[in-house]
Amino acid sequence: MLTISLLRQDAAYVKERLAVRHFAKPEWVDDILALDEKLRKQKLETETMQAEVNSLSKQIGQLMAAGDASGADAKKREVAAIKEALQNGKTSLLELEEAIQQKIMMLPNLPHASVKAGKSADDNEIINTGGVMPELPADAQPHWELIKKYQLIDFETGAKLTGSGFPLYTGQGAKLQRALVSFFLDYNTQAGYREYLPPLMVNDKTAYGTGQLPDKEGQMYFMPEDGLYMIPTAEVPVTNVYSNTIVDADQLPVKMTAYSPCFRREAGSFGSDVRGLNRVHQFDKVEIIQLTVPEKSYDTLEEMVNHVERLLQYLELPYRILRLCGGDMGFTSALTYDFEVYSAAQQKWLEVSSVSNFETFQTNRMKIRYKDEAGKTQLLHSLNGSSLALPRIVAALLENNQRADGIYLPKALHGYFGAPKIG
RNA sequence: GGAGAGGUGCCUGAGUGGCCGAAAGGGCCGGUUUGCUAAACCGUUGUACGGACUUCAAUCUGUACCGAGGGUUCGAAUCCCUCCCUCUCCGCCA
C-alpha cells in the first residue's frame with residue numbers, strides 16, 4: 001500500500017509513475033486526497049470535542065470528590081450537549097478512514113525509475129543471459145515423456161488422490177525434489193540467510209500484509225471453516241514474521257530463506273503451456289527474503305539477482321534475466337527481475353524465479369519499521385525472490401541433460417542426489 | 001474437546017472506576033564519580049494519527065493505544081459481552 005504522505009507530497013509524481021503501469025484510474029489519487037482533506041478537518045473537529053469532554057469529565061470527578069453534586073450535574077449536562085455531535089463526528093471519521101483505505105489499497109506500487117512502460121511480457125528487457133544451449137539429439141523428448149520413462153512423477157495417481165495439477169513424485173523423482181531443496185537451502189544459508197520452515201496456512205491479516213489480499217484472493221485455496229488460506233509462496237508467512245515490529249538496527253539487513261510447498265489455484269488454463277510440470281497447483285519452492293534500509297534496497301536487489309544467477313550457474317542451465325516492464329509487473333512490486341531457463345526439448349523459456357523490490361509497499365501494510373540515524377521511525381524496504389521454484393527447474397534439467405543412458409545431473413547435485421544421473 | 005488460571009511498556013511486575021501513558025525493579029541511553037573497568041548516584045526512556053510553529057528538524061499541543069472488537073458510564077487498564085492467544089490438569093492424538 002502506498003503511504004498517504006507520498007500522495008500528499010507529490011500527487012503529480014504518483015500519477016506519472018502509475019501511468020507507467022497503465023493504471024486505469026489515475027483520478028483515484030485526487031479522490032483520495034480530497035477525502036484526506038476532509039478527514040483531517042473532521043479529525044481536528046472531533047478531537048477538539050473529545051478533548052472538551054475529557055476535560056469536563058475530569059472536572060466532574062473533582063467536583064464529586066469535593067462533594068459538590070449539583071456542580072457535577074451541571075457539568076454532566078454540558079457533556080450531554082456535546083455528546084451527539086461528537087458521536088456523529090466519530091462516525092463520519094470512521095467512514096472517511098474506511099473510504100480512503102478502500103481506495104488507496106487499490107493503487108499498485110509505483111514502478112522504479114528504471115522501469116519502462118511496456119504493455120506485456122513481450123516488452124520485457126533482457127538484461128543478461130548465461131549458460132550453454134544444449135544440443136539435443138533428434139529424438140529428444142519433452143520432460144513429461146522423460147518423467148514417464150524414468151517413473152519420476154505419477155500425474156495420474158496425483159489426479160486420483162486430489163485432482164489434476166497435484167503431482168505425486170515417486171522414486172528418483174521424489175529424491176530429486178529433496179536434493180534440490182537441500183541444495184538451495186544450503187546455498188542460501190551459506191550466504192547468510194536464516195532458515196525458516198513456516199506454517200503452510202495463514203490468516204487473512206497475514207495474506208493482506210504481503211499483498212495477496214485483496215488483490216489475488218482467487219488465487220489462493222481457502223479453508224472456510226477456519227478462515228485460513230493455503231500459502232501461494234513462503235514469502236507470505238516469512239515476510240510477516242516481522243509484521244508490526246520495529247527492527248533493531250543491529251539486526252539489519254534481515255535475511256531469511258524458507259522452503260515450502262506452494263498452492264495456487266490458477267484457474268482456467270489448458271493446453272501445451274500447462275503440460276507436465278509447466279504449471280501445477282502444488283509445487284515446491286525455496287524463497288529468499290530481505291528487509292533493508294531504503295538507501296540500500298536497490299543494492300540488495302542486485303545482490304539477490306546475482307545470488308540467484310549463481311545458483312542457475314551451479315545448475316548449468318541456460319538462462320536469461322529480464323527486467324519487467326510496467327505492464328507486466330506485479331501489483332506490489334517497484335522493480336522485478338524474472339529469471340527464465342531454457343527447456344530445450346520444448347524449446348521454451350520457463351520462468352523459474354522472480355526477484356523484486358517492494359520498497360515500502362508491503363512494509364507499510366505490515367508496519368515493519370526501523371529507527372534511522374536521526375532516531376526517526378521509518379518503514380523498511382522488503383525484497384524477495386525465488387531460489388528457486390522446482391518444477392520448471394526439473395523440467396529443464398530433464399530435457400537438457402537427457403542422453404541415451406540416463407539424465408546427467410550437474411555436479412552440484414551429485415552429493416545431494418546420491419548419484420550423478422537419473423536412470 | 002472438557003475444567004481452571006491468565007494476557008499491562010524492551011523485560012519482570014503492581015495497579016478493581018477519576019490524581020494512570022500507567023508504581024517498583026531490571027535493561028537501554030545520557031551524565032556525575034573513576035587511572036581503567038565495575039559499583040554507586042542523578043536523569044532520560046513507547047507507538048500511531050492530527051494541530052500549532054517552522055524551510056526542515058527540534059519543540060509545544062490534541063486524540064487514541066494496558067491481547068482484539070463491542071458495551072455500560074460524565075469518566076474504563078480497572079465493570080459487562082464476544083472473540084483470539086498462552087499456561088495447568090483431564091481427554092484424544094503423530
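Every chain is numbered from 1 and lettered A, B, ... according to where its sequence line falls, protein lines coming before strand lines.
- When the P atom is used for both B/A77 and B/C19, the distance is 9 Å, rounded to whole Å.
- Nucleotides B/A68 and B/C84, compared at atom P, are 15 Å apart to the nearest Å.
- For B/A68, the paired nucleotide is B/U82, the pair qualifying as Watson-Crick or G-U wobble because both relevant distances are below 3.5 Å.
- In a base pair of the Watson-Crick type (N1 to N3 plus N6-O4 or O6-N4) or a G-U wobble (N1-O2 and O6-N3), with each distance short of 3.5 Å, B/G62 is matched with B/C49.
- Using atom P as the reference point in both B/G43 and B/U47, the two lie 22 Å apart (nearest Å).
- When side chains are defined from C-beta on, A/E97 counts as touching A/L39, because their heavy atoms get closer than 4.5 Å.
- The shortest heavy-atom contact between A/Q212 and A/M220 is CB-CE, 3.7 Å.
- Residue A/R369 places none of its side-chain N or O atoms closer than 4.0 Å to OP1 or OP2 of B/U47.
- With rounding to whole Å, A/D36 atom CG is found 12 Å from B/C49 atom P.
- Ring-plane geometry between A/F183 and A/Y416 is classed as tilted, the angle between the planes lying from 30 to 60 degrees on a 0 to 90 degree scale.
- B/U45 and B/A23 are spaced 11 Å apart, taking the P atom of each and rounding to whole Å.
- B/U32 and B/U86: their P atoms are spaced 48 Å apart (whole Å).
- Look at CD on A/Q42: it is 20 Å from P on B/G62, rounded to the nearest Å.
- With a cut-off of 3.5 Å on both pairing distances, B/U34 has no Watson-Crick or G-U wobble partner at all.
- Shown here for A/Y370 and A/L380, the closest heavy-atom pair between the two residues is CD2-CD2, 3.4 Å.
- Rounding to whole angstrom units, CG of residue A/L228 and P of B/C85 are separated by 10 Å.
- The distance between atom CD of A/E97 and atom P of B/A48, rounded to the nearest whole Å, is 16 Å.
- Look at the C1' atom in both B/A76 and B/C65: the space between them is 13 Å, to the nearest Å.
- When both pairing distances are held under 3.5 Å, B/G75 makes no Watson-Crick or G-U pair with any nucleotide shown.
- Closest to the side chain of A/L44, out of B/C74, B/G51, B/U47, is B/G51.
- Atom-to-atom, CD1 of A/I246 to C1' of B/G46 comes out at 8 Å; the value is rounded to the nearest Å.
- With a cut-off of 3.5 Å on both Watson-Crick or G-U wobble distances, the partner of B/G1 is given as B/C90.
- Comparing the same atom, C1', in B/A24 and in B/G9 gives a spacing of 14 Å after rounding to whole Å.
- Across all strands shown, nothing is found opposite B/U16 as a Watson-Crick or G-U wobble partner with both distances under 3.5 Å.
- Nearest-nucleotide mapping onto RNA chain B: of A/M64 and A/K83, the residue sitting toward the 5' end is A/M64.
- Nucleotide B/A57 has no partner under the Watson-Crick or G-U criteria, as no pair reaches both atom distances under 3.5 Å.
- Checking B/C74, B/G51, B/G62 against the side-chain heavy atoms of A/I60 singles out B/C74 as nearest.
- In this structure, of B/G50, B/C74, B/A57, it is B/C74 that holds the atom nearest to the side chain of A/K76.
- Of all nucleotides listed (B/G51, B/A57, B/U47), B/A57 comes nearest to the side chain of A/K376.
- A sub-4.0 Å separation between OP1 or OP2 of B/G17 and a side-chain N or O of A/K58 is absent.
- Between A/F263 and A/Y229, the ring centre distance reaches or exceeds 6.0 Å.
- Each of A/V181, A/V286, A/V308 was evaluated against A/L388; a single residue qualifies, A/V308, per the side chain to side chain contact (heavy atoms under 4.5 Å, CB included) test.
- The distance between atom CG of A/D248 and atom P of B/C29, rounded to the nearest whole Å, is 12 Å.
- Positionally, the nearest nucleotide of RNA chain B for A/R8 lies more toward the 5' end than for the other of A/R8 and A/T48.
- Partner assigned to B/G43 is B/C29, using Watson-Crick or G-U wobble distances below 3.5 angstrom.
- Distance A/K90 NZ to B/A64 P: 8 Å, rounded to the nearest Å.
- A sub-4.0 Å separation between OP1 or OP2 of B/G75 and a side-chain N or O of A/N54 is absent.
- Around the NZ atom of A/K421, the shell of radius 6.0 Å holds more than 12 heavy atoms that belong to other residues, nucleotides or ligands.
- Considering only side-chain N and O atoms, A/K371 lies under 4.0 angstrom from the phosphate OP1 or OP2 of B/U47.
- Between the CD atom of A/E37 and the P atom of B/G50 there is a distance of 12 Å, given to the nearest Å.
- Look at the P atom in both B/G25 and B/C87: the space between them is 31 Å, to the nearest Å.
- With contacts defined as side-chain heavy-atom distances shorter than 4.5 Å, the pair A/W144/A/Q346 qualifies.
- With distances taken from any side-chain atom of A/Q50 to the nucleotides B/G62, B/A64, B/G18, the minimum falls on B/A64.
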